[in-house]
K.L.:
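What follows is a single structure, and I will ask about it in a moment.
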Number of protein chains: 2
Amino acid sequence: MLNPYSEIEYMASDLLGNANLLVVDDDSLLRQVLRDQLLSHGVGQLEEAGTIAEARQKTVQYLPDLVILDVELPDGNGFEFCQYLRNSGFERPIIMLTGRGDETDIVHGLDGGANDYIAKPMRIGELIARINAQLRQYSASDDVRFSLSGFDFVPADKIVKNQSGQSIPLTEKETMILKKLFRSWPDTVTKEQLLSEVWGYGGNITTHTIETHIYRLRQKLRRLDASHLIETIGAAYRLNK
Amino acid sequence: MLNPYSEIEYMASDLLGNANLLVVDDDSLLRQVLRDQLLSHGVGQLEEAGTIAEARQKTVQYLPDLVILDVELPDGNGFEFCQYLRNSGFERPIIMLTGRGDETDIVHGLDGGANDYIAKPMRIGELIARINAQLRQYSASDDVRFSLSGFDFVPADKIVKNQSGQSIPLTEKETMILKKLFRSWPDTVTKEQLLSEVWGYGGNITTHTIETHIYRLRQKLRRLDASHLIETIGAAYRLNK
DNA sequence: CTCTTATATAACAGGCCTGTGATAATATAT
DNA sequence: ATATATTATCACAGGCCTGTTATATAAGAG
């Protein structure tokens, strides 16, 4: 094996269920079908837009985790909106959808910043799988952001925010621990897991050090009225909704 | 705009040219076609494998930046090899290739850890675009690794290595600066760019601070016989091959 | 060539991060 | 209920990180 230590599980870890999707398409019938299918396949939340203007507004309002974007829209085309989103700092996955399966379109879409491109009529299972693949990749990206019951965690900035807009800076270690906790949610994370994930194999550290770091994290979270966020489950920790 | 400050360029930044691809397919004719097409489209380096055994060996030997993987192979199937790679800690993009365009296969492939899935016969332009899209995403991921003329830089571990195996730890700021330099290569990076990228808009910092950090980086690099790596170009810095 | 400006090098010091020791509180077992 | 083990809380101190100040060197202008 290339790396015998990292045993990565490509299991569910319910990415879909925690995802908030935005579907942009002018065909309201298709939107209806997508809504039914996606929600029944476990998508957490779903917003819809029929025009680019509407999509722009909803992107700001809901900051979706992933955008499904049709190319042909009444007030413009999806390629331009995709690039607009990218230039606005929107880094999350965009899956383009189109009736035309032209190679030119696909290249155009992908080179314009889309993450994936599916031709209509698309198969719902494939769409779900591609959505999952995108969410999985994004969750391992540099600029991932986590949210849980109103609290935002931005690893790249090393801060946690609450709904009131208060934000508290985290240290390096605190950020790594919290990242592991968020990524593992709703599962628990043992101290041994934290040891190997955060400190690696060179870390001559006892589990007591972890307890101290958790204590400090809780202190900071308390200042955001989120003292309940980290709960102890036996010899492990877990994020609490 | 969602974020008026981040103006991301989805331009070339020659990801393809610096990429080392591994093509796994038992059809040697197809491999030949792919080789010709990919290299003529600017792919930097390309390795080939006709069997899983061979693919396994070449993955370890060359650590390719991206794997193009056929499903049907003489000594096993691509799905299993894909999962094997993931369980071995291989995090880089895998694009699966298959004659069958069954939805089941696509779902199976993507859920098994593949990043993308293309049905044969594939169009070379689409393949290139999808390769580019994957490389782009990977370059923004957590576990990206950079290499330049024998020097390895692993942002996640905050270390630089040379061919002799010597490695030197970097500080947070040094890592961020080096990451920006590698990502921008072969372009130059001005001090203003470093200011906004590394320190952001709250940083009450003069450009002189950057000069000091570059100095410290060069000191460490000198210990790896890589003193030439960072060169000064006017008011900017650049990585030197 | 001289003056001016930009960059490189070096040393300094405050501050934050982090692991550990010590004690209290809580959970678990017998 | 008592003893034992585990976890939480708090204080401490060494060390590393980082921005700044100071000086030397190099580059560029006129």
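Every heavy atom of this structure was used, including side-chain atoms; hydrogens, water molecules and symmetry mates were not. Nothing here was measured: the structure is a model prediction, and the numbers come from that model. Below, read A as the first sequence line, B as the second, and so on, with proteins coming before strands; counting in each chain starts at 1.
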K.L.:
Only counting residues at least two apart or in another chain, list the ones meeting side-chain hydrogen bond (donor to acceptor under 3.5 Å, both in side chains) with B/D142.
P.N.:
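Here the qualifying residues are A/K179, A/R183.
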K.L.:
What contact category does B/I214 fall into here, base, sugar-phosphate, or nothing, at under 4.0 angstrom with non-hydrogen atoms?
P.N.:
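The residue B/I214 makes no contact with any strand.
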K.L.:
Grab the CD-P distance between B/E231 and C/dT7 for me, whole Å please.
P.N.:
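So the CD-P distance, B/E231 to C/dT7, works out to 15 Å.
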K.L.:
Which listed nucleotide (C/dA8, C/dG19, D/dT20) is nearest to the side chain of B/T206?
P.N.:
D/dT20
K.L.:
With sequence neighbours left out, write down each residue that passes ring-ring contact (aromatic ring centres under 6.0 Å, His included) with B/F182, or none if nothing qualifies.
P.N.:
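Only B/F146, B/F153 meet the ring-ring contact (aromatic ring centres under 6.0 Å, His included) criterion with B/F182.
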K.L.:
For A/T207 and B/L170, find the nucleotide of DNA chain D closest to each by heavy atoms; which residue's nucleotide sits nearer the 5' end?
P.N.:
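Checking each residue's closest nucleotide, the 5'-ward one belongs to A/T207.
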K.L.:
Name the closest nucleotide to the A/T232 side chain, picking from D/dC10, D/dT7, D/dT20.
P.N.:
D/dT7
K.L.:
In whole Å, what is the span from the CZ atom of A/R216 to the P atom of C/dT18?
P.N.:
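Value for this atom pair: 8 Å.
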K.L.:
With respect to the side chain of A/T171, which nucleotide from C/dT7, D/dG19, C/dT18 is positioned closest?
P.N.:
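Looking only at heavy atoms from C-beta outward on A/T171, the closest nucleotide is C/dT18.
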K.L.:
Tell me: CD1 of A/I210 to P of C/dT20, nearest whole Å?
P.N.:
11 Å
K.L.:
Identify the two heavy atoms, one from A/A114 and one from A/C82, that lie closest to each other, and give their separation to 0.1 Å.
P.N.:
N-SG, 3.7 Å
K.L.:
Taking only the side-chain nitrogens and oxygens of B/T212, find out if one of them lies under 4.0 Å from OP1 or OP2 of C/dT9.
P.N.:
no
K.L.:
Between C1' on C/dC16 and CD on A/Q219, what's the gap in Å once rounded to a whole number?
P.N.:
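Taking CD of A/Q219 and C1' of C/dC16, I get 15 Å after rounding.
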K.L.:
Calculate the interatomic distance between A/E174 atom CD and C/dC17 atom P; express it in whole Å.
P.N.:
8 Å
K.L.:
For D/dT7, does OP1 or OP2 lie under 4.0 Å from any side-chain N or O of A/K191?
P.N.:
yes
K.L.:
Answer with yes or no whether B/H208 presents, from its side chain, a donor or acceptor under 3.5 Å of a partner atom in the base of D/dT21.
P.N.:
yes
K.L.:
Would you indicate, yes or no, if C/dT18 has its OP1 or OP2 atom less than 4.0 angstrom from a side-chain nitrogen or oxygen of A/W199?
P.N.:
no
K.L.:
Could you tell me how far apart A/E211 (CD) and C/dT18 (P) are, to the nearest whole angstrom?
P.N.:
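Distance, rounded to whole Å: 17 Å.
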K.L.:
Measure from CD1 on B/I177 to P on D/dC17 and round the result to the nearest Å.
P.N.:
13 Å
K.L.:
Does B/Y215 place a side-chain N or O at less than 4.0 Å from the phosphate oxygens OP1/OP2 of C/dT7?
P.N.:
no
K.L.:
I'd like to know if A/D65 and A/R145 make a salt bridge, using a cut-off of under 4.0 Å between side-chain N and carboxylate O.
P.N.:
no
K.L.:
Looking at every heavy atom in both B/L148 and B/N240, which two are closest together, and how far apart are they?
P.N.:
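So the minimum-distance heavy-atom pair works out to CD2-O, 4.1 Å.
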K.L.:
Within this structure, what is the NZ-to-C1' distance between B/K220 and C/dA8, rounded to whole angstrom?
P.N.:
18 Å
K.L.:
Is there a side-chain polar atom (N or O) of B/R218 under 4.0 Å from OP1 or OP2 of C/dA8?
P.N.:
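For B/R218, the contact criterion (side-chain N or O under 4.0 Å from OP1 or OP2 of C/dA8) is met.
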